2 protein chains.
Amino acid sequence: MTDSRVSMPRRSLPAAEDHAARFARQREADRTATAEDYVELIADLLREEGEARAVDLSRRMGVSQATVTATIGRLQRDGLVETKPYRGLFLTEAGTELATAAKSRHDLVVRFLIAVGLDAETAEQDAEGLEHHASDEALAAFARFLAKRDDPI
Amino acid sequence: MTDSRVSMPRRSLPAAEDHAARFARQREADRTATAEDYVELIADLLREEGEARAVDLSRRMGVSQATVTATIGRLQRDGLVETKPYRGLFLTEAGTELATAAKSRHDLVVRFLIAVGLDAETAEQDAEGLEHHASDEALAAFARFLAKRDDPI
DNA sequence: AACACTTCTTAGCCTAGGCTAACTTTCAGA
DNA sequence: TCTGAAAGTTAGCCTAGGCTAAGAAGTGTT
């Protein structure tokens, strides 16, 4: 039972509670990632195609229709989505807000990745994963980076 | 049924198959993230403390001991970890490789985040999530960015 | 109006990754 | 040595998010 608060030697590991907090935050982000992906995609489809049908989500998420039905059920339960059976999907107020936030985060991450040297396609690919795990502080830093690059001095 | 290949107007959505491929890649990364976190932590504990006990993983991951037992079981099944009951955890060859790769990716992401303006603690926090979702191309770009910054000709 | 096709839902299954409660094993100190 | 605390395991539960197969509900064409 070594007490790292006393000796403080060549420790690179953070305190256990801090370490645990990081992972907890991570698990939280994982839980919200699916919801964000779905509402973001629904918003995109509504904007670009005029309607968001479950079958389109199924195709674009690469997932069975049964899975979409189940997921939409959870989003509905959580007050993010409304459905009119056989009439496509709609976002609630909360869903729209979440989608807007997700999209602006997504776009920021894409622009940042391109700025540090990724090609557009890879940037899109990576943003899909990174957008859910970047903290507000990180996003702010990305934005500062872009601002400085666009307007040096 | 609009055919976006024909008109090609103000579409910002990628082709459905490409879109699906992104999400598939994402789900793949999610599946490997837990394994990477565990072997990385086990490697750290072995290096820093001389042994990796399940109870330490439990504390540092912020998860019950029962959950650790179950997860370790999966890692063992997948050939990443070996256990001697009541004797701590050890990495297999494959586990060690994975841990090494994960750690170097983690460190690269941390250094990159600091370089773009995050403080050390936030960088560590964010790296925990981002390291599993950055492609090799992105990591290469991060490395180039660091190299250029450290040695601007 | 009827038929076929597409869309959506339902039922039943699975794995990963969480939990608590209860039990077993090990270890250290009196 | 024995005994209590710590460590580890087991059993039983849960949710999210996948799947397939089968059935129901619209839609469109003739």
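Model, not experiment: these values are computed from the prediction. Letters A, B, ... mirror the listed sequences (proteins, then strands); counts begin at 1.
- Contact between the side-chain N/O atoms of A/Arg53 and the OP1/OP2 oxygens of C/dT7 is found at a separation under 4.0 Å.
- For the pair A/Arg77 CZ and D/dA16 P, the interatomic distance rounds to 5 Å; values are reported in whole Å.
- Per the geometry, OH belonging to A/Tyr86 stands 15 Å off P belonging to D/dG23, to the nearest Å.
- Comparing atom distances between the A/Val55 side chain and each of D/dT10, D/dC19, C/dC8 picks out C/dC8 as nearest.
- Taking atom CZ on A/Arg27 and atom P on D/dG17, their separation rounds to 15 Å, with Å as the unit.
- Residues A/Thr122 and A/Asp119 have side chains that bring a donor and an acceptor to within less than 3.5 angstrom of each other.
- Side-chain nitrogen and oxygen atoms of A/Thr34 include at least one within less than 4.0 Å of the OP1 or OP2 phosphate oxygen of D/dG17.
- The CZ atom of A/Arg59 sits 10 Å away from the P atom of C/dT6 (whole-angstrom rounding).
- For A/Asp30 and A/His132, the side-chain atoms include no donor-acceptor pair closer than 3.5 Å.
- Between the P atom of C/dT9 and the NZ atom of A/Lys84 lies a distance of 15 Å, rounded to the nearest Å.
- In terms of phosphate contacts, B/Gln65 brings a side-chain nitrogen or oxygen within less than 4.0 Å of OP1 or OP2 of D/dG8.
- Checking C/dT26, C/dT9, C/dT7 against the side-chain heavy atoms of B/Arg87 singles out C/dT26 as nearest.
- Look at B/Ser64 and you'll find a side-chain N or O under 4.0 angstrom from OP1 or OP2 of C/dC19.
- At C/dG17, one or more side-chain N or O atoms of B/Arg74 fall inside 4.0 Å of OP1 or OP2 (strictly under the cut-off).
- Following rounding to the nearest Å, A/Glu51 (CD) and C/dT7 (C1') show an atom-to-atom distance of 12 Å.
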> After noting the C-alpha distance and the side-chain angles of B/Leu80 and B/Leu91, does the key distance pass the side chain to side chain contact (heavy atoms under 4.5 Å, CB included) rule?
Replying inline: CA-CA 6 Å; B/Leu80 297 169; B/Leu91 295 175; 5.8 Å; no

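- In this structure, A/Asp30 and B/Asp56 both approach DNA chain D, and ranking their closest nucleotides by distance from the 5' end singles out B/Asp56.
- Taking for each of A/Ala70 and B/Ala70 the nucleotide of DNA chain D with the nearest heavy atom, the 5'-most of the two is the partner of B/Ala70.
- The nucleotide whose nearest atom lies closest to any side-chain atom of A/Thr69 is, among C/dT10, D/dG18, D/dG17, C/dT10.
- B/Thr67 has a side-chain polar atom (N or O) that falls below the 4.0 Å cut-off from OP1 or OP2 of C/dC19.
- As rounded to whole Å, 17 Å separates atom P of D/dA16 from atom NE2 of A/His132.
- Looking at A/Thr83 and A/Gln76, their side chains do bring a donor and an acceptor atom within 3.5 Å of each other.
- Among the atoms of the strands shown, only primed sugar atoms or phosphate atoms (P, OP1, OP2) are found under 4.0 Å from some heavy atom of B/Val63.
- When the C1' atom of C/dC8 is taken as reference, atom CE of A/Met61 falls 18 Å away, rounded to whole Å.
- Not a single donor-acceptor pair under 3.5 Å links the side chain of B/Asp126 to the backbone N or O of A/Ala134.
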